[in-house]
Amino acid sequence: MNKTAKPRPKKNGTGGPAAGACGLLDELKGLYEFMKTNALQSFELERKDYHVRLVRKATVTVPVPVPVPTLGGQAPAAQAAAPASQAAAVPALPPNAVVVKSPMMGIFYRASSPSSPPFAREGDTVKPGDVLCLIEAMKVFNDIKAEVGGVIQRVCVDNGKPVKVGQEMFIIEKK
């Protein structure tokens with residue numbers, strides 16, 4: 001009887017194509033976990049025997065309009081205790097004002113390029129879906145759109161300045 005020997009994978013996990021593929025899969029899973037932990041949208045790795053580019057599906061964050069109470073009427077104790085000079089420095093907002101806050105951290109841009117006019121200026125009328133500004137985060141430019149229609153009362157951020165999550169960018173008087 002002549003038995004044909006079959007190659008067996010080595011027990012240390014370094015032999016055979018299945019072991020190499022399994023090691024690569026484990027490495028890819030580790031890289032993806034690294035991307036999630038560090039909030040990376042894409043990652044590239046180049047080795048002598050392969051090149052991998054991982055891209056996560058971007059989640060779109062929509063700004064939520066938040067009504068802002070006016071300084072007239074019933075003021076909270078903290079506002080009532082504020083000095084008159086501070087109250088005079090901040091003009092009262094209309095009762096139907098909506099604050100557009102930054103949904104992400106990045107660099108605030110009022111226009112698509114330095115030579116382009118701003119998307120929205122104080123006094124401009126906007127409708128829902130109009131682009132108000134761009135926020136650059138990780139080399140990606142994200143449109144920030146108006147959720148409500150109305151008149152831009154105030155632009156709260158200077159062009160080219162960093163913004164934080166939740167920072168006020170625009171105040172819109174709802175129509």
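- Annotation for I135 and G106: closest pair CG2-CA, 3.8 Å, computed over non-hydrogen atoms.
- Closest non-hydrogen pair, G150 versus K175, comes out as CA-CG, 3.7 Å.
- The main-chain N or O of E33 is found under 3.5 Å from a side-chain atom of T37 such that the two form a donor-acceptor pair.
- R47 has a carboxylate O that lies under 4.0 Å from a charged side-chain N of E27, or vice versa, which qualifies the two as a salt bridge.
- With a 4.5 Å cut-off on side-chain heavy atoms, Q167 and V157 count as touching.
- Shown here for M169 and P103, the closest heavy-atom pair between the two residues is CE-CD, 4.4 Å.
- With side-chain heavy atoms closer than 4.5 Å counting as contact, directly or through intermediates, the hydrophobic cluster containing I107 also holds Y109, F119, V131, L134, F141.
- Summarising the geometry of V163 relative to S102, their closest heavy-atom pair is CG2-OG, 3.5 Å, with the distance given to 0.1 Å.
- Within 6.0 Å of the CE atom in M35, the count of heavy atoms belonging to other residues, nucleotides or ligands exceeds 12.
- Using a 4.5 Å heavy-atom cutoff, the side chains of Q41 and V55 are not in contact.
- F108 places a side-chain heavy atom less than 4.5 Å from the side chain of R110.
- Between N159 and A111, the shortest heavy-atom contact is OD1-N, 4.5 Å.
- When hydrophobic side chains of Ile, Leu, Val, Met, Phe, Trp and Tyr are connected at separations under 4.5 Å, V140 ends up as a singleton with no cluster partners.
- In terms of the side-chain hydrogen bond (donor to acceptor under 3.5 Å, both in side chains) criterion, residue partners of E44 (sequence neighbours excluded) are, by chain and number, H51, R53.
- R154 is listed as a side-chain neighbour of E122, based on a closest heavy-atom distance under 4.5 Å.
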- Message: Show, in sequence, the C-alpha distance, side-chain angles and deciding distance for S42 and L54, and conclude whether the side chain to side chain contact (heavy atoms under 4.5 Å, CB included) test is met.
- Response: CA-CA 5 Å; S42 66; L54 301 173; over 6 Å; no
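- The backbone N or O of V126 lies less than 3.5 Å from no partner atom in the side chain of D130, so there is not a single donor-acceptor pair.
- Tested against I172, the residues V99, N96, L132 include a single side chain to side chain contact (heavy atoms under 4.5 Å, CB included) partner, L132.
- Hydrophobic clustering (side-chain heavy atoms under 4.5 Å, transitive across Ile, Leu, Val, Met, Phe, Trp, Tyr) keeps V151 apart from V148.
- To the nearest 0.5 Å, atoms CD (Q153) and CG (D124) are separated by 11.5 Å.
- Between M105 and A137, the shortest heavy-atom distance links the atoms O-CB, 3.6 Å.
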